[in-house]
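Before any comments, here is the structure.
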Amino acid sequence: MDYRYLGTSGLKITEITYGNWLTHGSQVENDVATSCVKAALDAGISTFDTADAYANGAAEEVLGSALKTQRRESLEVFTKVYWPVGPKGPNDTGLSRKHIMEGINGSLRRLQMDYVDLYQAHRYDHETPLEETIQAFADVVRSGKALYIGVSEWSAQQLRDGQALARQAGFSIISNQPQYSALYRVIEAEVVPASKELGISQVVWSPMAQGVLSGKYLPGQPAPEGSRATDEKGGKSTISRFMDDGVLTAVQKLKPIADELGLKMSQLAIAWVLQNENVSTALVGASRPEQVAENVKASGVKIPAEAMSAIDAALGESVEKNPALTVSPETRVA
Ligand code: NDP
């Protein structure tokens, strides 16, 4: 497993991170969740991503229990704050000082840890002054409860504004966590160039387009039993953007390209995001330990330029590139 630096910081993370959105505390039972974490550790993954809002705190609890016996110094643990948690009252959401301070304490309690390596603003909060958010993050870092600060789905301008204030407050934003895959490239035009200027790198989510780029969903056919597209607790609706026969037909054209390179389609999808030098890690999910073992083989793969062009030709019009799709809700959700 190869390591990369996170932004311009000195923190090294595995270029494949195991993330537990939709799975832990929800789609899969706790014993399967624990075996996925074990498979990740066995495969050399030391970086894990979660959020307070995943399964309303249960995902952090499951991850914390699964990692409890590990040497803390050998792990990099990321969590996030913004989306509503607990009883979802008016102050249980957003990036106010109150919610950030309560949020970090709640996350550490559920994870059974003294600190997280990266604390991320899960979205941009249009209702809280940015100065208040950044000052609260500065205080979280000074308290030692988080070592570094990142954000998720911020636009280029929001990254610029946030970084300027962070530097005045004595720290730097080192990462941004956007959706990025061969099918969803909206960060390439604006967010990536701004990030490079600012010393920020990308921690990218859904590199497999939630499983679609593994090729297991076939056009005109029902989704495989037990897959995310059949998960009524949330997966089915979140994956629906890609469950279109035109997209699924284009994805099947990637199979010969993967075969030619001796890769599974899932590995090709993960390796594809890692070809972007501004990407520090691919955040990969898994509902079974066998998937983790398969996916980690994408680390270190170099995709030749001709194959990258063949991927573009195969996916054609199915690729989403509109930079305006990097948006955070105008009003906090409660
Ligand atoms: P992926 O695109 O990696 O999709 C993972 C899902 O695909 C798995 O749960 C599994 O679903 C399926 N899958 C995984 N491996 C294989 C395989 N080898 N063959 C076939 N199917 C496979 O990423 P996610 O959408 O899960 O997101 C990854 C992480 O990103 C999250 O856990 C979270 O940490 C982060 N994230 C962050 C967000 C943000 O707003 N910041 C938003 C969303 C995610 P199944 O078996 O059920 O079909």
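Please read all numbers here as calculations on a predicted model, not as lab measurements.
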Pairs in or reaching into [range]: which pass salt bridge (Lys or Arg N to Asp or Glu O under 4.0 Å), with residues at least two apart or in two chains?
{"range": "residues 7-31", "answer": "R4-E15"}
{"range": "residues 103-112", "answer": "E60-R110"}
{"range": "residues 89-106", "answer": "R97-D139, K98-E102"}
{"range": "residues 171-198", "answer": "R160-E197, R185-D312, K196-E277"}

Item to check | Distance in Å, F242 CZ paired with L248 CG, rounded so as to fall on 0.5 Å steps | outcome: 10.5 Å
Checklist entry - Which distance, rounded to the nearest 0.5 Å, do you find between the OG of S206 and the CD1 of I239? => result 8.5 Å
Checklist entry - By salt bridge (charged side-chain N to carboxylate O under 4.0 Å, His left out), which residues pair with E330, not counting sequence neighbours? => result none
Item to check | Partners meeting salt bridge (charged side-chain N to carboxylate O under 4.0 Å, His left out) with R241 (sequence neighbours left out) | outcome: none
Within a radius of less than 6.0 Å around [atom1] of [X], do more than 12 heavy atoms belonging to other residues, nucleotides or ligands occur?
{"X": "E260", "atom1": "CD", "value": "no"}
{"X": "N322", "atom1": "CG", "value": "yes"}
{"X": "E225", "atom1": "CD", "value": "no"}

Checklist entry - Going through the distances and angles, do S227 and Y217 end up as a side chain to side chain contact (heavy atoms under 4.5 Å, CB included)? => result CA-CA 9 Å; S227 62; Y217 299 108; 3.3 Å; yes
Next on the checklist: side-chain hydrogen bond (donor to acceptor under 3.5 Å, both in side chains) for Q202 and S195? Distances and angles first, verdict last.
Outcome noted: CA-CA 8 Å; Q202 314 301 317; S195 297; 2.8 Å; yes
Between [X] and [Y], a side-chain donor and acceptor under 3.5 Å:
{"X": "Q177", "Y": "S152", "value": "no"}
{"X": "T14", "Y": "T47", "value": "yes"}
{"X": "D52", "Y": "S107", "value": "no"}

Checklist entry - Which word best sums up how the rings of H122 and W83 line up, parallel for under 30°, tilted for 30 to 60°, or perpendicular for over 60°? => result perpendicular
Checklist entry - Other hydrophobic cluster members with I13, side-chain heavy atoms of Ile/Leu/Val/Met/Phe/Trp/Tyr under 4.5 Å, chained? => result L6, L11, F78, Y115, L118, L147, Y148, I174, V203, W205, L283
Next on the checklist: Starting from Y5 and following side-chain heavy-atom contacts under 4.5 Å between hydrophobic residues (I, L, V, M, F, W, Y), which residues can be reached?
Outcome noted: none
Checklist entry - Quick one: side-chain hydrogen bond (donor to acceptor under 3.5 Å, both in side chains) partners of Y54, sequence neighbours excluded? => result K80
Checklist entry - Which residues satisfy the side-chain hydrogen bond (donor to acceptor under 3.5 Å, both in side chains) test with K38, sequence neighbours excluded? => result D42
Checklist entry - So, does E153 use its side chain to make a donor-acceptor pair with the main chain of Q179 at under 3.5 Å? => result yes
Next on the checklist: If the condition is side-chain contact (heavy atoms from CB on, under 4.5 Å), which residues does T249 pass it with, not counting sequence neighbours?
Outcome noted: P219
Item to check | Partners meeting side-chain contact (heavy atoms from CB on, under 4.5 Å) with V296 (sequence neighbours left out) | outcome: M1, A43, I45, V292
Checklist entry - Do you know which two heavy atoms are closest between L213 and S181, and how far apart they sit? => result CD1-CB, 3.9 Å
